[in-house]
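We use all heavy atoms of the structure for the numbers below, so side chains are in, but hydrogens, waters and symmetry mates are not. Chain letters run A, B, ... following the sequence lines, proteins first and then strands; every chain starts at 1.
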2 protein chains.
Amino acid sequence: MTSRAGARKRDTYRHGNLRNALVQAGLELVRSGGPDAVVLREVTRRVGVVPNAAYRHFADRNALLRAIRQASLAQLAAAMETELAALPPADDPVESARARIRALATSYLRFARAEPGLFRAAFSTTDMADTENESADGPGGLTAFQLLGAALDDLVESGALPPDRRPGAEYFVWSAVHGLAVLLIDGPLRGLLPIQAHEAGQRLMESIERGI
Amino acid sequence: MTSRAGARKRDTYRHGNLRNALVQAGLELVRSGGPDAVVLREVTRRVGVVPNAAYRHFADRNALLRAIRQASLAQLAAAMETELAALPPADDPVESARARIRALATSYLRFARAEPGLFRAAFSTTDMADTENESADGPGGLTAFQLLGAALDDLVESGALPPDRRPGAEYFVWSAVHGLAVLLIDGPLRGLLPIQAHEAGQRLMESIERGI
DNA sequence: GCACCTTGTGTACGATGTCCACATTGCCGC
DNA sequence: GCGGCAATGTGGACATCGTACACAAGGTGC
């Protein structure tokens with residue numbers, strides 16, 4: 001055998017695309033094991049490079065983790081965009097705006113449950129200084145947070161939400177959905193059966209709509 | 001000097017109360033640095049004992065971390081109980097029940113912001129198998145979750161909440177509060193000024209009351 | 001064609017979690 | 001009282017980890 005699975009021995013001295021390869025390998029690790037699974041030596045091992053090579057592209061393990069986190073956030077945003085795009089066109093602007101918010105919440109929760117590792121990584125605090133918007137957007141160029149904000153704006157525009165209740169609304173919606181996601185994937189609500197989790201999600205979205 | 005601060009050299013061969021001392025030292029570490037700061041060797045160092053001594057009381061680092069987590073949860077529950085106890089007596093049972101829920105939410109958020117390390121530890125996933133109720137209760141014998149459940153029951157009893165909306169209500173309330181707490185202490189909402197954070201909390205509690 | 005800057009390598013160090021064998025001692029039945 | 005045993009603490013060792021420092025390889029610009 002040449003080396004570890006997926007790490008074919010390179011014939012060129014230079015790798016050519018190391019930085020990106022490291023992030024990809026890191027994503028694999030994070031996917032099955034969360035942020036703690038991102039072991040620098042293992043990442044470089046998978047890419048077929050010596051540990052120190054990573055230091056030519058990242059200041060330290062934390063910097064690599066930050067890049068992986070951005071990529072995870074981008075995947076979340078992408079999943080949300082996809083869900084939005086799949087929404088059937090609606091005539092009623094009110095119902096349309098509501099449907100979009102539901103879709104965003106649904107895809108957020110689904111992503112968290114389908115990819116808990118990525119989700120954990122996306123919101124893990126690697127260290128205090130974070131850029132928060134470096135490249136966390138999806139293909140459409142909007143972050144998850146911005147997608148939510150836009151949907152809420154539409155809700156106001158459609159007349160379903162009084163403008164004076166608009167400020168701070170994303171904090172409430174986001175908190176509720178994020179909270180359930182966290183409690184489900186590694187809080188005390190982990191262990192809930194998929195059906196129960198789904199019901200909790202439905203119940204949550206009802207209350208969000210009422211409380212917004 | 002004898003040894004590290006707080007770790008006076010013991011004259012007896014036996015420590016006498018090692019298990020507890022380890023948890024206490026662990027709590028100190030977790031308090032300023034979160035779960036990752038719980039380094040087994042450092043914990044034993046502080047207690048003035050050799051690293052391996054910990055293995056007489058905990059299977060491994062994870063087991064120690066679990067104990068610390070339980071203690072953190074207990075502190076959270078205690079903070080919530082204290083807040084409840086400080087509530088002025090009210091005649092109106094509806095308003096009384098509402099006030100209790102607000103008090104619980106407030107103390108939850110305050111605890112998260114005042115003790116982010118403990119809070120993170122309380123909800124960190126050390127590993128998959130968790131007991132969830134081993135000794136996570138406060139002095140009153142109720143966990144944070146149970147305190148919330150009781151307040152919601154009272155809300156139903158007072159007539160302010162229709163019984164058919166009771167099931168699953170704690171999931172909603174807990175999710176919303178927990179979500180904001182997490183976003184504030186190590187999510188993208190960290191960095192909010194204290195005033196802003198407080199406002200977000202107020203706004204959240206309004207929406208919770210409306211959406212419940 | 002050659003010096004240089006970038007990128008990958010080799011070696012090394014201190015720290016960590018945990019294993020195994022050994023030391024110390026409180027407590028039990030006698 | 002006392003002798004042995006189970007409980008508790010110690011010492012040393014090992015693999016692994018993040019990372020620092022010096023060196024090698026090789027594209028690139030003059």
Measure CG/D36(A) against P/dC17(D) and give the value in whole Å, please. 13 Å

In whole angstroms, the gap separating P of dC19(C) from CG of L40(B) amounts to 11 Å

Any R45(B) side-chain nitrogen or oxygen under 4.0 Å from OP1 or OP2 of dT16(C): yes

Rounded interatomic separation in angstrom, taking CG from L65(B) and C1' from dG17(C): 13 Å

By the 4.0 Å heavy-atom rule, please label R41(B) as base, sugar-phosphate, or nothing. base

Rounded to the nearest 0.5 Å, how far does CZ of R190(A) lie from CG of L183(A)? 10.5 Å

Taken to the nearest whole Å, CG/L18(B) to C1'/dA7(D) is 12 Å

From CG of N20(B) across to C1' of dT8(D) the rounded distance in Å is 16 Å

CD/E83(A) to CZ/F111(A) distance, rounded to the nearest 0.5 angstrom? 12.5 Å

Please classify the nucleic acid contact of V50(B) as base, sugar-phosphate, or nothing, using heavy-atom distances under 4.0 Å. base

Taking CG from L29(A) and P from dC17(D), how many angstroms apart are they, rounded to a whole number? 11 Å

Please walk me through it: do H178(A) and F119(A) pass ring pair (Phe, Tyr, Trp, His ring centres under 6.0 Å)? CA-CA 10 Å; H178(A) 187 76; F119(A) 187 86; 5.5 Å; yes

Take atom CZ of R61(A) and atom P of dT16(C), then tell me their distance rounded to the nearest Å. 15 Å

What's the CZ-P distance between R19(B) and dG9(D), to the nearest Å? 13 Å

Parallel, tilted or perpendicular for F172(A) and F172(B), by the 30°/60° rule? perpendicular

For the helix from dG1(C)-dC30(D) to dC30(C)-dG1(D), how many degrees between its two end axes (five pairs per end), to the nearest 10°? 10°

Ignoring hydrogens and angles, tell me if any N or O in the side chain of D60(A) forms a donor-acceptor pair with the backbone of A63(A) under 3.5 Å. yes

When you look at R102(A) and E209(A), which way does the salt bridge (charged side-chain N to carboxylate O under 4.0 Å, His left out) test go after all the steps? CA-CA 9 Å; R102(A) 273 195 303 270; E209(A) 280 199 44; 2.7 Å; yes

Within residues 51-59 of chain A, the residues having a heavy atom closer than 4.0 Å to DNA chain C are N52(A), A53(A), R56(A), H57(A)

Tell me which pairs pass side-chain hydrogen bond (donor to acceptor under 3.5 Å, both in side chains) where either residue lies in residues 21-40 of chain A, with sequence neighbours left out. E28(A)-R46(A), R31(A)-E115(A)

Under 3.5 Å, is there a donor-acceptor pair linking the side chains of S207(B) and R203(B)? yes

F123(A) versus L76(A): any side-chain heavy-atom pair under 4.5 Å? yes

